[in-house]
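Structure in structure tokens, see below.
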Amino acid sequence: MKNYNFDKILPKLEKFVQNLGVPVVTRIKDRDFDPFKILIGTILSLRTKDETTEEAANRLFEVVKTPEDLIKLSEKDIEKLIYPVGFYKRKAKQIKEVAKTLIEKYDGRVPNDLEELLKLKGVGRKTANLVITEAFDDYGICVDTHVHRISNRLGWVKTKNPEQTEMELRKILPKKYWKTINPILVTFGQNICKPISPLCSKCPIEPLCPKIGVTKSR
DNA sequence: AAAACGGGGGC
DNA sequence: GCCCCAGTTTT
């Protein structure tokens, strides 16, 4: 059995990011733990900065509380509400279609099921797993580019895309870390273990890191 | 000035 | 597997 050092690394990183002086990224602020708002907010957040997402989500949710509210709006109206986010035209179309599907197939509710979530337009593995962990407090592993990159650098996995990373982590990562690995590694990845020129000299787990694929500079 | 960026869809 | 998307920040 390979020694992944999860119990050495993850608790240490969790403490480290908590003491960084920046908020630990959760990607979900206060959405009243409403699965619908969490799902829609997550779609809006794709490839978009947190503050921008928040601005758009707050505007949208002032008007829209339920899938029924959302399908009443035209795509143009939705575009205006969510405007600052990237891909706003596509996202406006997607979230309206998601709302329609929720009403037609799921009685207006968000399913707590990975496969069902993945059927929704605009929902991929990252979004679906985030909804499962955040909205339902259930077991999922949300693999974004940070989790993917760092899992490879640390030698936990040897994969070339996030889906493969998720599948490998499902086999090797203790369940107690499934929910927290994303916020921990995202915050760590933004501040220390960056894609290019990572700050290894400031890294608390540097001695444990084989630095696979780490590029000092371009 | 390029490239990257907190993915996902369509092909 | 490859290409596109939209606007901002890094390099």
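Lettering of chains follows the sequences in order, A, B, ..., and the numbering in each one begins at 1.
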Distance, P atom - from dC11(B) to dA6(C), rounded to whole angstrom =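 Each nucleotide's P atom is 16 Å from the other's.
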
Close side-chain approach of Val98(A) and Leu70(A), heavy atoms under 4.5 Å |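 Answer no - side chains too far apart.
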
Report the distance from atom CD of Glu51(A) to atom P of dC5(B), rounded to the nearest whole Å.
->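 These atoms are roughly 17 Å apart.
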
Which of residues 160-173 of chain A sit near DNA chain B, with a heavy atom under 4.0 Å from it?
->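 None, since no heavy atom is under 4.0 Å.
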
Rounded to whole angstroms, how far apart are CG on Leu44(A) and P on dG7(C)?
->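 My rounded result for the distance is 15 Å.
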
Watson-Crick or G-U pairs under 3.5 Å in DNA chain B, rendered as dot-bracket with [ ] for crossing pairs and | for another strand = |||||.|||||

Show me the protein contacts with nucleotides 8-11 of chain B, counting only N or O atoms at under 3.5 Å.
| from | atom 1 | to | atom 2 | distance (Å) |
| --- | --- | --- | --- | --- |
| dG8(B) | OP1 | Gly124(A) | N | 3.2 |
| dG8(B) | OP1 | Thr127(A) | N | 3.0 |
| dG8(B) | OP1 | Thr127(A) | OG1 | 2.5 |
| dG8(B) | OP2 | Lys126(A) | N | 3.3 |
| dG9(B) | OP1 | Gly122(A) | N | 2.6 |
| dG9(B) | OP1 | Val123(A) | N | 3.2 |

Not counting sequence neighbours, list each pair that qualifies as a side chain to side chain donor-acceptor pair (under 3.5 Å) and has a residue in residues 154-165 of chain A.
->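 Qualifying pairs, neighbours excluded: His148(A)-Thr165(A), Asn152(A)-Thr159(A), Thr159(A)-Thr165(A).
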
Identify, between Lys194(A) and Gly86(A), the residue whose nearest nucleotide on DNA chain C lies closer to the 5' end.
->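 The residue closer to the strand's 5' end, by nearest nucleotide, is Gly86(A).
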
Whole-angstrom distance between dC3(C) and dA4(B), as gauged at atom P |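 About 15 Å, rounded to a whole number of Å.
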
Ion pair present between Lys119(A) and Glu116(A), side-chain N to carboxylate O less than 4.0 angstrom?
->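 Salt bridge flag = yes for Glu116(A) with Lys119(A).
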
Verify same cluster id: Val17(A), Ile205(A) (apolar side-chain graph, 4.5 Å) |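 Yes, Val17(A) and Ile205(A) fall within the same hydrophobic cluster.
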
Give every residue pair that meets the side chain to side chain donor-acceptor pair (under 3.5 Å) criterion with at least one member in residues 70-81 of chain A, sequence neighbours excluded.
->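 Residue pairs with at least one partner in residues 70-81 of chain A: Ser74(A)-Asp77(A).
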
Has Thr145(A) got a side-chain N or O lying under 4.0 Å from the OP1 or OP2 atom of dC5(B)?
->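 It does not, given that no N or O in the side chain of Thr145(A) lies less than 4.0 Å from OP1 or OP2 of dC5(B).
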
Is Arg59(A) salt-bridged to Glu55(A), cutoff N-O under 4.0 Å?
->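 A salt bridge links Arg59(A) with Glu55(A).
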
Partners meeting side chain to side chain donor-acceptor pair (under 3.5 Å) with Glu206(A) (sequence neighbours left out) |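 Side chain to side chain donor-acceptor pair (under 3.5 Å) check on Glu206(A) returns Lys211(A).
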
Closest nucleotide among dC5(B), dT9(C), dA6(C) to the Lys89(A) side chain |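 The closest nucleotide is dA6(C).
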
Between Glu168(A) and Lys171(A), does at least one N-O distance fall below 4.0 Å, as a salt bridge requires?
->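 Looking at Lys171(A) together with Glu168(A), the answer is yes, because their closest N to O distance falls below 4.0 Å.
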
Spacing of Asp144(A) atom CG relative to dA4(B) atom P, expressed in whole Å =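 After rounding, the gap between these two atoms is 18 Å.
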
Side chains of Lys96(A) and Ile78(A): closer than 4.5 Å at any heavy-atom pair?
->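 Answer yes - side chains close enough.
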
Given atom CD1 of Ile196(A) and atom P of dA2(B), what is their separation to the nearest angstrom?
->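 Taking atom P of dA2(B) as the reference, CD1 of Ile196(A) is at 16 Å.
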
Rounded distance (Å) that lies between atom C1' of dC4(C) and atom CZ of Phe87(A) |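 Answer to the nearest Å: 9 Å.
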
Please name the pair of heavy atoms, one in Leu185(A) and one in His146(A), separated by the smallest distance, quoted to 0.1 Å.
->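 The pair with the smallest heavy-atom distance is O-CB, 3.9 Å.
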
May I ask you to decide whether Lys179(A) forms a salt bridge with Asp137(A), counting only side-chain N to carboxylate O separations under 4.0 Å?
->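 A salt bridge links Lys179(A) with Asp137(A).
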
